[in-house]
Amino acid sequence: MTGRRRRLVILGNSAAALSAIRAIRSRGGDEQVTVVSREECHAYSPVLTTYYLRGVVPERRLFLCDAGSYRDLAVECRFGRTAVELDAARQRLLLDDGTRLDYDALLIATGAAPTRLGGLDDEVAGGLCYLRTIEDARRIRRLAQRARHVAVLGAGLVSLQTAAAIARPGVHVTCVVGSRQVLSQNLDAECAAIVRDHVVREGGIEFLFGRSVAMIDHEAEGYRVELAGGEELSADMVVVGKGVTPNMAFVDPGQIAVERGVLVDDRLRTAVPDVYAAGDVAQGRNRISGAVEVVANWIDACEQGRVAGLNMAGADVTFPGSVPENVTTLFGLPVASIGSVGAGDAGAGLTSVTGSCPERTTYRRLFLKRGVPVGAILVGDVGDAGVVRAAIVRAEAGAVPVDRIVRGPIEAGAVLRSCVSTSASTAVT
Amino acid sequence: MNKVLAIDIGKCTGCHVCELMCSFRHHGEFNPRRARIHTTVFLHDEIAVPVVCSQCEDAWCERICPSGAISTVVMPETGARVVQVDEDLCVGCKMCVLACPFGNIQVGAAGCAEKCDLCGGDPVCVQFCPRGALRFVEAEDREVEKRQKLAQALAGSYRESE
Ligand SMILES: Cc1cc2nc3c(=O)[nH]c(=O)nc-3n(C[C@H](O)[C@H](O)[C@H](O)COP(=O)(O)OP(=O)(O)OC[C@H]3O[C@@H](n4cnc5c(N)ncnc54)[C@H](O)[C@@H]3O)c2cc1C
Ligand code: SF4
Ligand code: SF4
């Protein structure tokens, strides 16, 4: 076949995008691949920005690619260009400099941006810090060097990691939290209390729970944060961590179905043929609960990007579904959260089994729905997080040794064993 | 040549010599908790299951490492594929621990990910396994390949997206 080479456009230059590009190239086709990103720089890891804030890694280590990486992958780069309009009917993408890119297949991997705090005057709003991009990280690092009192709004993963990175002797960090607990998206109340106590004890971070921000104003040296009940606090730096919003302003909802994110099927296809979406911008099926939702984490973005890339390059691969999962370490305390863990209002119908070993500060909780494990929280010892994850994900297939898991670290052999006894006969064929 | 570390579950007696030798080779101490191979013994039904990194093709850990610290190399002498961690790049985030369905990669006391490196081409666990349950052999061996696939299918079933 002579014909022209297929043109693939990858929109975004992070976890999902890079995974897709690598998957496309792994199939050995001769597609022409163009990658577009609104940031000027090479791909980097947002996950590592808090390590950079802590001074654990230098800035250059945030980068996952250099010019050579893109050359090796044979992709054309359009960096510093924002997608402004996707015309799916004409299979054409419009960039902010007026360039039009025609494509045969396109991947929306534009991720998400921090949700902005509204209702503030422009000058105050412009002074607030958010953490997502490398540019955000540079700014926070610069401001944190001089700060004495920092207000962090929110206690999610990014907020806590940022608070932990900034807190040091002489710098007081106050987290203002709407809900009654930390990590309300990742942990149930009981595990959250353990993490909170640890963070207060080890990091000296102060928490104000159940408070909402009424107003933020300028004040001589910085900001005055007014809370709904009339309380006030002064801070010379305010970091906002109120969750993220998918970057999909260039998508016409009349053409491509969107809800919280861009809707995708189990092949990561959007409602329109030849347009795919993956990563934090995509809304697909949760592998465990079956709900169609945005699951925003690094691992999921990589895996979705990979499947989307393979399919764009002509394969027919299905994605088994997203798993909410995260592992983090706060002041030396590792915490992993996998699957449905009764966070937020998703707790209905879940029961749980708990095990703890106070002298080793380990605590673990397995969540079950109608007797089947659907989630786990591991605090203190997360060495078996992958084994537990695999057990939960395949829970319906066999006996998950629930007691073993909550009692303490479990070895893969133990799960393997229970699988051997329940499914070996069918798996060997 | 394309050697792999093959496990014969039926032959393992659960003596844990592999764990001791592995921890000694990598950390200079006989401490099974620091070994990169683990054997689970089931007294009740007299079975022992050794688990060690299968140096996956397109490895989960490598695919998701957010600092690009994991890569796959092929050893020139044996043709063995090794999925390895670059200690200078690893930040100890434990995401690989969450991604590997077998628990075959761990973040150690030094704050860096550790996994089986096939001892540079001559695995000590194989040298010292008294029952020949661990072998370092050609992957062409159909039996070996089948057994590896089975082990992966059983424990893996993780992202069986292909
Ligand atoms: C501080 C921090 C810590 C984190 N820690 C963890 C963690 O421990 N574990 C975990 O699982 N996850 C963590 N995350 C989340 C993780 O970083 C994201 O889930 C992941 O980056 C999502 O990848 P993505 O490829 O979908 O999108 P993103 O990483 O958001 O990348 C989006 C890309 O699209 C580009 N783009 C956006 N809009 C446009 C446009 N209109 N035109 C052109 N280009 C555009 C951007 O420039 C960027 O290249 C953390 C995030 C942060 C900020
Ligand atoms: S550590 Fe786990 S995921 Fe990585 S290569 Fe080994 S078995 Fe595969
Ligand atoms: S612990 Fe190290 S090797 Fe593992 S995912 Fe994190 S940076 Fe990569």
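Quick note: numbers below take in every heavy atom, side chains included, and nothing from hydrogens, waters or symmetry partners. All of these numbers come straight from a predicted model, not from anything done at the bench.
- When all heavy atoms of A:Cys302 and B:Ile64 are compared, the closest pair comes out as CB-CG2, 3.8 Å.
- Of the atoms belonging to A:Asn326, it is backbone heavy atoms, and not side-chain ones, that fall under 4.5 Å from chain B.
- Using a 4.5 Å cut-off between heavy atoms, A:Pro334 contacts chain B through its side chain alone, with no backbone atom that close.
- Here the shortest heavy-atom pairing between A:Val387 and B:Phe102 reads CG2-C, 3.6 Å.
- With values rounded to the nearest 0.5 angstrom, A:Trp298 atom CH2 is found 10.0 Å from B:Cys93 atom SG.
- Contacts between B:Asp88 and chain A at a heavy-atom distance below 4.5 Å involve the backbone alone (N, CA, C, O).
- The distance from the CG atom of A:Asn297 to the CE atom of B:Met95 is 7.5 Å, given to the nearest 0.5 Å.
- In this structure, the separation between CG on B:Asp58 and CZ on A:Arg22 is 10.5 Å, given to the nearest 0.5 Å.
- Minimum interatomic distance between A:Gly383 and B:Val97 (heavy atoms only, all atoms of both residues): O-CG1, 3.5 Å.
- With sequence neighbours excluded, no residue forms a ring-ring contact (aromatic ring centres under 6.0 Å, His included) with B:Phe136.
- Listed for the A:Ser45 side chain is a donor-acceptor partner under 3.5 Å among the backbone atoms of B:Pro66.
- Crowding of B:Glu87 atom CD: a count of heavy atoms from other residues, nucleotides or ligands under 6.0 Å not exceeding 12.
- Expressed to the nearest 0.5 Å, how far SG of B:Cys96 lies from CD1 of A:Ile299 amounts to 9.0 Å.
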Residues B:Lys94, A:Thr328; criterion side-chain contact (heavy atoms from CB on, under 4.5 Å); working and verdict: CA-CA 8 Å; B:Lys94 297 195 164 95; A:Thr328 190; over 6 Å; no

From CA spacing to verdict: side-chain contact (heavy atoms from CB on, under 4.5 Å), B:Leu98, A:Ile338: CA-CA 9 Å; B:Leu98 185 53; A:Ile338 302 155; 3.8 Å; yes

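- Contacts with chain B (heavy atom to heavy atom, under 4.5 Å) involve these residues of residues 51-63 of chain A, listed by number: A:Tyr51, A:Val57, A:Arg61.
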Quick one: side chains of residues 121-130 of chain B, donor-acceptor pairs under 3.5 Å with protein atoms, not counting sequence neighbours, listed by atom name and distance.
| residue | atom | partner | partner atom | Å |
| --- | --- | --- | --- | --- |
| B:Asp122 | OD1 | B:Gln127 | NE2 | 3.3 |
| B:Asp122 | OD2 | B:Gln127 | NE2 | 3.3 |
| B:Gln127 | NE2 | B:Asp122 | O | 3.1 |

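- Here B:Leu89 is the residue among B:Leu89, B:Val107, B:Val41, B:Thr39 with the most heavy-atom pairs under 4.5 Å with chain A.
- B:His26 pairs by the ring-ring contact (aromatic ring centres under 6.0 Å, His included) definition with nothing, not counting sequence neighbours.
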